[in-house]
Amino acid sequence: MIGLKIVIDRNSEVPFFKQLVDQLRTAVIRREIPEGTRLPSERELSKLLRLNRSVVVKAYNELKLDGLLVSKTGSGTYVISAHSQKKEFDMISWGEQLNSWATLPAGPARWVNLLKKLSDSCIRLDTGVPHVGANQVDLMKEILGNLTDEELITTLNYPSLRGHPELIKYLCLRMNSSGLHINSRNMLITVGTEEAIYLLFSALARPGETIVIENPTYVNVINISRMFQHRVIPVERNSEGLNLSTLENVLNRSRVKFIYTMSCSHNPTGANMPERKKEALVKLSEQYSVPIVDDTVFSEIQYDLPAPKSLKYYDTHNCVIEIGGISKAFAPGLRIGWIIADEALIERLIEPVRMISLGVPNFSQLVAAKMLSTGEYDAFLKRYLQLCLKKRETTKRACYRHLPGYIRVNEAQGGNFFWLELPGFMDGWKLAEEGIEQGVAVAPGSLFTFDSSGRSFVRLNPLGVPHDQIEEGISRLSKAIESISKRDNREEGTVSVVV
């Protein structure tokens, strides 16, 4: 016997396995069990503690993974002897020290290295954010100038984990006016939509569990799904949204935990899913009891009326979780996002918020609440949409005027992006690299896909630069395309623009 008293509390909420692991781990670390000691066999210990043998097996395996125990064939399980410390200092190898999720996948790493070559004069059509200018600055000055001392004091305190009550109230009013039926208990304010995605991906699926993500998709969704080690089944996305026949086949064959999509103003294609397809997608979700995460962060930027509805509008069984924000239309630095979902899910997400961020800073929430309550945000959005329309038309004309006929241009129906399809011989990465040489940055399509389907695409964001830079940017892109075409000695085809 090892002379150690192990107590299993059968009235505790702590699982027997965890009680056993904790006590054995503590004993080994404190050297209450000497190094090299042979532990009782799984069968012996399970009999002594009146536990199922599988509990002891699991506990021993956990401690082996910790590097505390080792099994010797035909002999038993032993406490590992500690290695003597090195006498000389050895530099830490941070590449080996980091968890695998902390190392960038090959695509983004390549992109980060490419962006290091940017010059100050480069026109940035590659970003995902709006151009911040005088309109936003003037509105912020007005709001800040009207804040009372009492309101300013509240911004210096810790925020509510759920979100600022005034901001939630005005967001609910605004969304209910568009056909939703939600209240404050259905909403959680987050640090941008990035935190919303992080919270939901961590809460809705464990490592190794299956999720469906449309392909192409938002680049950080790819990174976050890899970080959480989900088993991702990418389902093709075209201008009309997810391929529903493929999706249903997946739902029939796999235990899918949730589906991620952008029903409106898709990133990177700029497409809106037709209303009939939204209804069909929600019905499919209800039929298989699989929730949908609908990312609507770009949805307020629309170029045609009536504005499309989100999937939540068609949701009658609380299957749809909607995430959104105002940063993409107003300013990325405001960092205001939200989750709209069933009250039970929102309550479960509040505690993770406490651990991750302690909530969204009150200052940002107060500014957003003031913009919404006074109507200034809607007035700004109306002006901003007129500018977006001008930029979209300028981009469209510039593409006709400058780009070769064999480039297929999918212009934005909503949101910030033009999605350019290149001929088969042209690689989006090569065009991005050549573009930087010519003084224009575009995002290669491979950033947005799980496979090689994005190889012959690039994404443009004309809303991310001043209006007077758009045509020059497209002209520089044309020179980059021409340079690659000459090198590859290819002939031009016919023009095709999809509206």
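Quantities reported herein were computed from a predicted structural model and do not represent experimental measurements.
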For the pair [X] and [Y], find out whether any cationic side-chain nitrogen is under 4.0 Å from an anionic carboxylate oxygen.
| X | Y | value |
| --- | --- | --- |
| Glu240 | Arg276 | yes |
| Glu214 | Arg237 | yes |
| Glu286 | Lys283 | no |
| Arg354 | Glu351 | yes |
| Glu434 | Lys430 | no |

Within 6.0 angstrom of Arg162 CZ, more than 12 heavy atoms from elsewhere: yes

With a cut-off of 6.0 Å (strictly less than), are more than 12 heavy atoms of other residues, nucleotides or ligands near OH of Tyr313? no

Does Gln23 offer a backbone N or O that forms a donor-acceptor pair with the side chain of Thr26 under 3.5 Å? no

Taking Arg253 for its side chain and Glu248 for its backbone only, find out whether a donor-acceptor pair lies under 3.5 Å. no

Derivation of the side chain to side chain contact (heavy atoms under 4.5 Å, CB included) call for Thr296 and Ile323: CA-CA 6 Å; Thr296 67; Ile323 62 180; 6.0 Å; no

Yes or no on side-chain hydrogen bond (donor to acceptor under 3.5 Å, both in side chains) for Arg455 and Ser446, after CA distance, side-chain angles and deciding distance? CA-CA 5 Å; Arg455 176 186 174 276; Ser446 296; over 6 Å; no

On the ring face of Tyr78, is Lys72 found with NZ or CZ under 6.0 Å from the centre and within 45° of the axis? yes

Walk me through it: do Ser265 and Asn267 pass the test side-chain hydrogen bond (donor to acceptor under 3.5 Å, both in side chains)? CA-CA 7 Å; Ser265 305; Asn267 179 10; over 6 Å; no

If you define the side chain from C-beta out and look only at heavy atoms, does anything of Leu69 sit under 4.5 Å from Val79? yes

Taking atom CG of Leu463 and atom NE2 of His131, what is their separation to the nearest 0.5 Å? 11.0 Å

Summary of salt bridge (charged side-chain N to carboxylate O under 4.0 Å, His left out) pairs that have at least one residue in residues 180-190, sequence neighbours excluded: Arg185-Glu343

Using the rule given for side-chain hydrogen bond (donor to acceptor under 3.5 Å, both in side chains), can you reason through Asn243 versus Thr246, listing the C-alpha separation, both sets of side-chain angles and the distance that settles it, and then say yes or no? CA-CA 6 Å; Asn243 185 317; Thr246 301; 3.3 Å; yes

side-chain hydrogen bond (donor to acceptor under 3.5 Å, both in side chains) partner of Asp294, chosen from Ser263, Ser299, Ser310: Ser263

